[in-house]
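Take a look at the structure set out below.
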Amino acid sequence: MYPRVILGRGRERRQHQGHPWVYDGEIASLTGQPSDGAVVDCYSHDGAFLGRGYFNSRSKIRVRILTRQVDEDVDEALLRRRLAWALERRQRLYPTATSLRLVHAEGDGLPGLTVDRYEDTLVLQCAALGMDLRLDMLARLLRELTGLEQIYLRNDLSVRRNDGLELSHGFLDAPFPTVVPIQEHGLTFEVDLAGGHKTGFYLDQTDNHLALYTLVPAGGTVLDAFCYTGAFSVHAAAAGAGEVWGMDSSTAVLEVAQQNAARNGFGERCRFEAGNVFDRLRQLQGSSQLFDLIILDPPSFTHSRDALAKALSGYKEINLRALKLLRPGGVLVTFTCSYYVERTRFESMVQEAASDARRQLTVRQRLSQALHHPEVMAIPETAYLKGLAVEVW
Ligand code: SAH
């Protein structure tokens with residue numbers, strides 16, 4: 001018998017919809033004294049079992065549900081089944097990929113746990129105390145199920161503070177090189193697992209990097225704005241672009257981008273330039289330079305709903321400027337990675353930019369995060385990356 005968390009009257013609706021979080025404000029009472037990270041049972045006010053999961057008194061997300069089955073224990077065996085299922089799912093979707101996300105937290109029924117594979121190394125992130133306390137067990141299970149030994153912890157996620165956790169990063173145990181070459185769609189990229197953005201590489205864009213093969217016109221001129229270490233640039237060159245221009249505000253990532261282009265044999269066709277995309281697009285408008293394809297993959301302009309309007313005006317500005325720099329029939333590939341910008345809002349922003357630029361858009365493809373970052377429809381937080389590829393006339 002686990003301690004019980006009893007929800008307030010009428011507060012079980014989200015649980016019935018399948019969302020795995022129970023917020024502090026939804027709880028009416030507690031029986032027993034669960035320690036933080038311990039397993040609790042959740043019940044509706046009327047006494048119906050809702051689910052079983054990890055408790056944390058220090059978090060607004062008071063319980064993270066792991067099972068809705070009353071006869072299923074939340075123990076090592078459950079974690080093993082979930083991990084095995086996550087790996088099996090990847091095996092079916094990406095049978096040959098060697099660098100990809102293996103566990104997408106709530107998207108794989110493992111709240112707060114992210115596991116990325118970069119060739120022979122696993123990079124783990126725990127955003128929730130329940131998982132953090134079981135890190136050694138999870139590492140043991142992952143080693144057993146994947147056969148991989150090297151584990152790096154990127155617990156430098158600021159959301160950890162919401163769960164009362166400290167930020168840190170480092171080796172789980174034995175050290176190994178953390179700057180490694182990885183394979184993506186037959187191309188090679190250098191990834192800095194310890195110091196790179198996220199866990200080192202934008203794995204969530206993997207499917208979209210590949211989508212460039214159907215979008216880049218042979219011999220065309222491509223602008224990759226917010227290029228990071230050049231994943232889109234190198235794919236554009238591999239897809240047949242004649243000239244690729246990558247742009248980022250960080251000079252450190254551009255050095256890696258240039259090396260990535262060279263290591264794949266596209267050093268001559270790719271050039272990278274440091275600068276603020278907002279300023280550079282404005283300056284380019286005054287020149288006669290036009291592009292056949294422009295990629296806009298900016299960082300999230302908002303991490304809260306309050307800043308949404310300002311974020312949308314930032315997105316609109318770069319989209320408007322990019323639209324004006326495309327040849328008729330050119331393609332704009334544009335993204336938002338902000339959870340708060342819903343797809344319909346994103347698409348209407350792009351359309352508003354097109355109206356202002358007096359251009360007509362035809363949809364080529366709707367894009368989202370790679371399938372190894374599964375979206376659960378009942379959990380909007382599992383989906384954040386939205387993109388659009390449009391022909392511009
Ligand atoms: N497209 C990349 C990921 C881009 S991440 C990929 O698929 O790998 C966003 C990038 O935007 C980061 O590298 C960051 O350094 C850069 N950035 C943020 N603000 C910027 C700005 N105002 N101008 C130029 N680059 C910017």
Side-chain angles (χ1 to χ4, degrees), residues 99-101 116 118 181-185 187-193 195-213 215-216 222-239 241 244-261 263-264 266 270-284 293-303 307 310-311 313-322 325 331-339 341 367-370 372-373 384-389:
S99 288
L100 73 169
R101 176 152 294 189
D116 288 339
Y118 291 102
I182 67 150
Q183 295 293 312
E184 192 189 39
H185 313 307
L187 299 167
T188 308
F189 295 90
E190 179 187 293
V191 176
D192 179 357
L193 307 177
H197 295 187
K198 292 165 73 98
T199 56
F201 194 74
Y202 286 85
L203 289 173
D204 52 359
Q205 287 285 22
T206 339
D207 293 359
N208 303 326
H209 294 154
L210 189 62
L212 287 193
Y213 282 94
L215 297 168
V216 174
V222 173
L223 173 63
D224 179 10
F226 308 95
C227 66
Y228 188 52
T229 53
F232 276 117
S233 303
V234 175
H235 278 87
V244 183
W245 187 354
M247 214 180 261
D248 202 283
S249 53
S250 155
T251 45
V253 303
L254 292 177
E255 269 175 45
V256 182
Q258 191 68 62
Q259 286 162 19
N260 282 335
R263 94 168 18 99
N264 290 286
F266 305 121
C270 298
R271 72 187 161 103
F272 295 92
E273 181 196 283
N276 181 329
V277 167
F278 284 84
D279 299 339
R280 292 298 289 127
L281 292 183
R282 195 176 313 122
Q283 287 156 4
L284 279 170
L293 184 126
I294 298 180
I295 300 147
L296 291 177
D297 183 21
S300 174
F301 289 161
T302 174
H303 295 288
K310 187 158 176 280
S313 86
Y315 286 118
K316 184 173 168 191
E317 179 176 341
I318 49 172
N319 278 275
L320 175 63
R321 294 194 188 286
L325 291 171
V331 173
L332 175 67
V333 180
T334 178
F335 295 98
T336 173
C337 60
S338 173
Y339 157 65
V341 179
L367 305 162
S368 14
Q369 62 210 44
H372 46 69
H373 287 55
Y384 58 98
L385 185 65
K386 299 115 206 163
L388 196 57

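Only a predicted model underlies this, so the values are computations on that prediction, with no experimental measurement involved. One-based numbering, in listed order, for ligands and for the atoms of each. In this chain, residues are counted from 1 in sequence order.
Heavy atoms only, all atoms of each residue included: Ser233 and Phe272 are closest at OG-CE2, 3.4 Å.
How far OH of Tyr384 is from CD of Gln369: 5.0 Å, rounded to the nearest 0.5 Å. Taking CG from Asp224 and CG from Asp297, the interatomic distance works out to 8.0 Å, rounded to the nearest 0.5 Å.
In terms of modelled atom types and a separation under 3.5 Å, the side chain of Asn208 and the main chain of Ala370 share no donor-acceptor contact.
Protein heavy atom nearest atom 13 (O) of ligand 1, with residue, atom name and distance: Asp248 OD2, 2.7 Å. Considering only non-hydrogen protein atoms, atom 26 (C) of ligand 1 sits nearest to Ser249 OG, 3.1 Å. Of the protein's non-hydrogen atoms, the one nearest atom 22 (N) of ligand 1 is Asn276 OD1, 3.2 Å. At the shortest separation from atom 7 (O) of ligand 1 among protein heavy atoms lies His209 NE2, 2.8 Å. Remark: minimum distance from atom 21 (C) of ligand 1 to any protein heavy atom is reached at Phe226 CE2, 3.7 Å. The nearest protein atom to atom 1 (N) of ligand 1, hydrogens excluded, is given as Asp297 OD2, 2.7 Å; this is a heavy-atom distance. Shortest contact from atom 18 (C) of ligand 1 to any protein heavy atom: Pro299 CG, 3.4 Å. Scanning the protein for heavy atoms near atom 23 (N) of ligand 1, the closest one is Val277 N, 2.9 Å.
Heavy atoms of Met247 stay at 4.0 angstrom or farther from ligand 1. In this structure, Gly275 has a heavy atom closer than 4.0 Å to ligand 1. Under a 4.0 Å heavy-atom criterion, His197 is in contact with ligand 1. Residue Thr229 places every heavy atom at 4.0 Å or more from ligand 1.
Ligand 1 has no N or O atom lying under 3.5 Å from any N or O atom of Ser250, backbone or side chain. Between Asp224 and ligand 1, a contact under 3.5 Å exists for no N or O pair. On a distance-only criterion, Phe232 and ligand 1 share no N/O pair closer than 3.5 Å. Geometrically, ligand 1 and Gln205 share no nitrogen or oxygen pair separated by less than 3.5 Å.
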Verdict with supporting geometry, Tyr118 and Phe201, ring-ring contact (aromatic ring centres under 6.0 Å, His included):
CA-CA 9 Å; Tyr118 291 102; Phe201 194 74; 7.1 Å; no

Determine, step by step, whether Ile295 and Gln205 satisfy the side-chain contact (heavy atoms from CB on, under 4.5 Å) criterion, reporting the C-alpha distance in whole Å, the side-chain angles of both residues, the deciding distance to 0.1 Å, and the verdict.
CA-CA 12 Å; Ile295 300 147; Gln205 287 285 22; over 6 Å; no

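Residues His235 and His185 bring their aromatic ring centres within 6.0 Å. Under the 6.0 Å cut-off for aromatic ring centres, Tyr228 and Phe189 do not qualify, their centroids lying 6.0 Å or more apart.
Thr229 has its side chain out of reach of Asp192: every pair of non-hydrogen atoms, C-beta onward, lies at least 4.5 Å apart.
Checked by atom type, the side-chain pair Tyr315/Thr334 shows no donor-acceptor distance below 3.5 Å.
Only the backbone of Cys227 comes within contact range of ligand 1, with a heavy atom under 4.0 Å; no side-chain atom does.
At a threshold of 4.0 Å, the pair Lys198-Asp204 counts as salt-bridged, since one of the basic side-chain nitrogens sits closer than that to a carboxylate oxygen.
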